[in-house]
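Input: a single structure, listed below in structure tokens.
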Amino acid sequence: MEYVSEKLKTLPPYLFSQIQKKKKQLENEGMDIIDLGIGAPDLPTPKFIIDCLVREVQKPENHRYSPYAGSEDFRQAVAHFYQKQYGVMLDPDREVLPLIGSKEGIAHFISAVINPGEKVLVPNPGYPVYRSAVHLAGGKIENLNLLAEENYEPEFARLSEEGVREVKLMLLNYPSNPTAATANEKTFMKAITFAEQNQIPIAHDAAYGLTTFEGYQAPSILQISEAKEYAVEFGSLSKSFNMTGWRIGYVVGNQDLIKALSTYKSNVDTSQFLPIQIAAATALNSDLSVVSNHNAIYQKRRNKLLEALRLIGIHASKPLGTFFIWSPVPRGYSSMAFADRLLTELGVIVTPGIAFGPAGEGYFRVSLSVPNERLDEAVARIKQLQMGGG
Ligand SMILES: *Cc1c(COP(=O)(O)O)cnc(C)c1O
């Protein structure tokens, strides 16, 4: 494989492919596998969004390249959504940029703002894309260790002075994948203060900003005064509106950082297909009742799964956001060994915590985004598991 770049050859190993390989093997042997490793909604995209896409796709003027800065309708919808949801005012021309999914935006953003060799503070445990994107940008990872006993909030005092001095960017993510931890405004206020003191910009990934339960509303980092001087926030329609395959997200906040990403992107893509942007604008301009309906479904599934885990002696905390449960593994297991036991004995796939960084060891992630009857079947299987003998 001599034609592959060093960067690609040295990408951290992708643990998920190992699990998928085993899944296939067991399925070939006739085992029924339930995949609770999936990080995408199982429910369909709401009809009013699809109807809008179908209407817009018929218009020849929508078949051309989108402007680099994206559709004005979409940018205005994002600004309107921020005002309605968070009381944050945004300039749709300078403080909003559409993305081809937030994953694309986050990865390109890192390349747009750091030089090779520079450090990025990355949540540990965290979404694996952060680590690979820093690697592809030639950067270095500085772990931002997040601990269960601190509610997975950053403890900036623990970072060493010289370590911080070389950091060029910090990533945050609440509600969090994989820990399902949620933040309040105080968490963000501390982060902005840290950013100001050390002149380190923040990229906050709010992919699960609307996926919340029991009346909890996740704040935006832009609600903090001065936040626009230091922060951008990445948003996505993938999780809240069941639109993973549509590839539509956005970034909002500091206009210089957004301009850097926009310049970078104008050299690698030409924004998203206009009908998709217009349909996504309709989603953001809606009353968000479809989002509440999805959340109610996840909340029921969450309760069912937590109860099943409790019955086998596993006590995971009850999350207020995301469609994940982040749970400690039983005593005596590594996260890989426990995930392997669930797969081999029960035919249930969960994601070992180690896949999300070294601090994920000792935990596993369960996804609630599987159809109810499959989740019920997984719950029934988990309840049969005899723990203790090891
Ligand atoms: C799913 C996910 C994303 C990516 O979402 P897209 O908009 O579909 O690219 C980003 N961040 C986190 C934490 C996610 O779980």
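First listed ligand is number 1; within each ligand, the first listed atom is number 1.
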| note | Heavy-atom proximity to atom 15 (O) of ligand 1 ranks first, among Y208, Y174, Y127, for Y208
| note | Short version for I248: what comes under 4.0 Å of ligand 1, heavy atoms counted, is neither
| query | Heavy-atom contact under 4.0 Å between K239 and ligand 1? | reply | yes
| query | For ligand 1, which part of F234 has a heavy atom less than 4.0 Å away: the side chain, the backbone, both, or neither? | reply | neither
| query | Which atoms of ligand 1 are found less than 4.0 Å from any heavy atom of G101? | reply | 7 (O), 9 (O)
| task | Around atom 11 (N) of ligand 1, find the nearest protein heavy atom and jot down its residue, atom name and distance. | result | D205 OD2, 2.6 Å
| request: Answer with yes or no after comparing the ring centroid distance for F109 and F234 against a 6.0 Å cut-off, counting only values under it. | output: yes
| For T244, is at least one N or O under 3.5 Å away from an N or O on ligand 1? | no
| field | N177-ligand 1 polar pair, N/O distance under 3.5 Å | value | yes
| request: Could you tell me whether E104 approaches ligand 1 through its side chain, its backbone, both or neither, with non-hydrogen atoms closer than 4.0 Å? | output: neither
| request: Heavy-atom contacts with R247 under 4.0 Å: which atoms of ligand 1 show up? List them by number with element. | output: 6 (P), 8 (O), 9 (O)
| task | List the steps, then state whether ring pair (Phe, Tyr, Trp, His ring centres under 6.0 Å) holds for F364 with F338. | result | CA-CA 8 Å; F364 64 102; F338 186 66; 5.1 Å; yes
| task | Carefully, step by step, assess R374 and D32 under the rule salt bridge (Lys or Arg N to Asp or Glu O under 4.0 Å). | result | CA-CA 11 Å; R374 294 300 278 163; D32 172 43; 2.9 Å; yes
| query | Any ion pair linking R310 and E307 (charged N to carboxylate O, less than 4.0 Å)? | reply | yes
| field | Per-atom contacts, ligand 1 versus S238 - under 4.0 Å to a heavy atom | value | 6 (P), 7 (O), 8 (O)
| Flag for Y130-D205: side-chain donor and acceptor within less than 3.5 Å | yes
| query | Under 6.0 Å between ring centres, would you say that holds for Y208 and Y174? | reply | no
| Can you list the ligand 1 atoms lying under 4.0 Å from a non-hydrogen atom of S102? | 3 (C), 4 (C), 5 (O), 6 (P), 7 (O), 9 (O), 10 (C)
| query | Centres of the F188 and H204 rings: under 6.0 Å? | reply | yes
| Got a second to check how far E56's CD is from D73's CG, nearest 0.5 Å? | 8.0 Å
